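In what follows, a single structure is set out as structure tokens and then discussed.
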2 protein chains.
Amino acid sequence: MDRDEARDILFNFIKEKSLRYTRQREEILQTFLSAGRHITVEELYNVLRKKNTGIGYATVHRNLKLMKECGLADEMKIGSDKTRFEQAYGQRHHDHLICMKCGRIIEVNDDRIERLQDKLAEVNNFFPLKHKLEIYGSCKKCR
Amino acid sequence: MDRDEARDILFNFIKEKSLRYTRQREEILQTFLSAGRHITVEELYNVLRKKNTGIGYATVHRNLKLMKECGLADEMKIGSDKTRFEQAYGQRHHDHLICMKCGRIIEVNDDRIERLQDKLAEVNNFFPLKHKLEIYGSCKKCR
DNA sequence: TTATTATTGATAATAATAATCAATATTAGT
DNA sequence: ACTAATATTGATTATTATTATCAATAATAA
């Protein structure tokens with residue numbers, strides 16, 4: 001994801017809603033973009049704490065929700081873990097392979113599966129808006 | 001699912017582990033089997049309360065976990081809702097279409113998708129053990 | 001019937017997420 | 001640059017789902 005483009009998206013979203021572009025929002029956005037994918041609020045908070053930004057947990061939480069609102073982040077939940085946020089802008093839809101041993105998350109995509117899902121919905125008189133496919137197992141290393 | 005067969009499974013599981021077959025377990029099992037699919041602990045607890053069985057919330061919770069352990073129930077989580085339990089014995093694997101308006105959950109199955117999922121895992125050097133496919137949208141009524 | 005011990009039910013603990021609110025910072029208007 | 005208006009922050013508390021605790025009770029085997 002392009003950093004400037006991401007900042008623009010956040011900035012425009014904020015202007016549109018008469019919100020305010022704060023030091024904390026800039027910091028959280030940049031750190032979120034630099035951080036690994038599928039990060040939790042707590043993890044992001046800890047990275048920011050190490051940087052001595054003085055940003056509180058609640059602010060991190062609130063602003064990840066904001067990033068989601070403006071389309072920069074997606075929320076996901078694996079099993080009974082905490083909610084994770086992944087970068088969304090400029091990312092095409094993808095599914096997840098989740099290693100139950102080491103926790104690694106592999107992003108994958110299969111057009112045929114996507115198409116069959118749409119068909120499956122159609123056959124059931126159902127209008128699909130989004131979907132979630134997660135395959136749990138063990139990755140190459142943990143086999 | 002056959003009621004007697006279900007009771008047998010629970011009974012044998014209990015014997016095997018030197019646990020005890022209590023009035024509460026029998027009551028919870030029967031009510032779980034009669035109740036709608038995809039029920040929460042709270043919902044099941046409320047049904048049992050109406051029946052004046054005097055069974056506590058913790059007991060319902062504990063025993064749904066037990067049903068899961070012995071293969072009679074499966075746990076699922078939709079969005080950020082509470083955990084739901086569905087009958088598992090004698091049910092083949094299936095995916096879910098979830099109406100975001102009325103909350104209805106439709107169970108579906110597609111062998112081609114299943115096979116493609118296995119292929120997808122294989123290509124990524126991943127050993128699949130189980131998977132979860134949820135399609136969110138709106139059902140016929142809510143369209 | 002009795003001894004053993006698993007279970008129950010009420011309650012407290014835990015943990016993730018969201019709400020509260022006074023102090024502060026940002027923004028628009030002058 | 002100054003000011004007024006108000007969105008945001010950070011610390012804390014509230015909420016909610018789930019799990020743990022524990023004394024009293026009930027199920028089981030001998």
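Each chain gets a letter, A, B and so on, in the order the sequences are listed, and its residues count up from 1. Basis for what follows: all heavy atoms, side chains included, without hydrogens, waters or symmetry-related copies. Computed from a prediction, not measured in an experiment: that's the story for all the values here.
With no hydrogens or angles considered, no side-chain donor-acceptor pair links Tyr89(B) and Gln91(B) at under 3.5 Å. For the residue pair Arg62(A) and Thr59(A), a side-chain donor N or O sits within less than 3.5 Å of a side-chain acceptor on the partner. For the residue pair Thr53(A)/Arg23(A), the side-chain donor-acceptor check at 3.5 Å is not satisfied.
By the 4.0 Å N-to-carboxylate-O rule, Arg92(A) lies too far from Asp74(A) to be salt-bridged with it. By the 4.0 Å N-to-carboxylate-O rule, Asp118(B) lies too far from Arg115(B) to be salt-bridged with it. Between Lys82(B) and Glu43(B), no side-chain nitrogen of the basic residue sits less than 4.0 Å from a carboxylate oxygen of the acidic one, so the salt-bridge criterion is not met.
At dT8(C), one or more side-chain N or O atoms of Asn63(B) fall inside 4.0 Å of OP1 or OP2 (strictly under the cut-off).
Within the structure, every pair that satisfies the ring-ring contact (aromatic ring centres under 6.0 Å, His included) test and touches residues 115-134 of chain A, not counting sequence neighbours, is listed here: His93(A)-His131(A). The list of ring-ring contact (aromatic ring centres under 6.0 Å, His included) pairs with a residue in residues 45-87 of chain B, not counting sequence neighbours, reads Tyr45(B)-Tyr57(B).
Going from atom CD of Glu26(B) over to atom P of dA6(C) covers 22 Å, rounded to whole Å. In this structure, CD of Glu27(A) is placed 16 Å from C1' of dA25(C), rounded to the nearest angstrom. Taking atom CG of Leu66(B) as the reference point, atom P of dT18(D) lies 17 Å away to the nearest angstrom. The interatomic distance linking Glu16(A) (CD) with dT27(C) (P) rounds to 16 Å, in whole Å. In this structure, Glu42(B) atom CD and dT16(D) atom P are separated by 10 Å, rounded to whole Å. For Leu44(B) and dT18(D), the CG to C1' distance is 16 Å, given to the nearest whole Å. Separating the CD atom of Glu69(B) from the P atom of dT19(D) is a distance of 12 Å, rounded to the nearest angstrom.
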Report task. Mark up nucleotides 25-30 of chain D, 5' to 3', with B wherever a protein heavy atom is under 4.0 angstrom from a base atom, S wherever such an atom reaches only the sugar-phosphate, and - elsewhere. Result -> -BBS--
Report task. Spell out protein contact along nucleotides 17-23 of chain C as letters: B when the base is contacted, S when just the sugar-phosphate is, - when no protein heavy atom is under 4.0 Å; keep the 5' to 3' order. Result -> SSBB---
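Taking a pair as Watson-Crick or G-U with both hydrogen-bonding distances under 3.5 Å, the stems of three or more pairs touching DNA chain D are C:1-30 with D:1-30.
When the side chain to side chain contact (heavy atoms under 4.5 Å, CB included) test is applied to Met76(B), the partners found at least two apart in sequence or on another chain are His38(B), Ile78(B), Arg84(B), Glu86(B), His96(B).
By the 6.0 Å contact criterion, CZ on Arg112(A) is open, its count of non-hydrogen atoms from other residues, nucleotides or ligands being 12 or less.
Each of Lys130(B), Lys65(B), Lys132(B) was scored for a salt bridge (charged side-chain N to carboxylate O under 4.0 Å, His left out) with Glu75(B), with one residue passing: Lys65(B).
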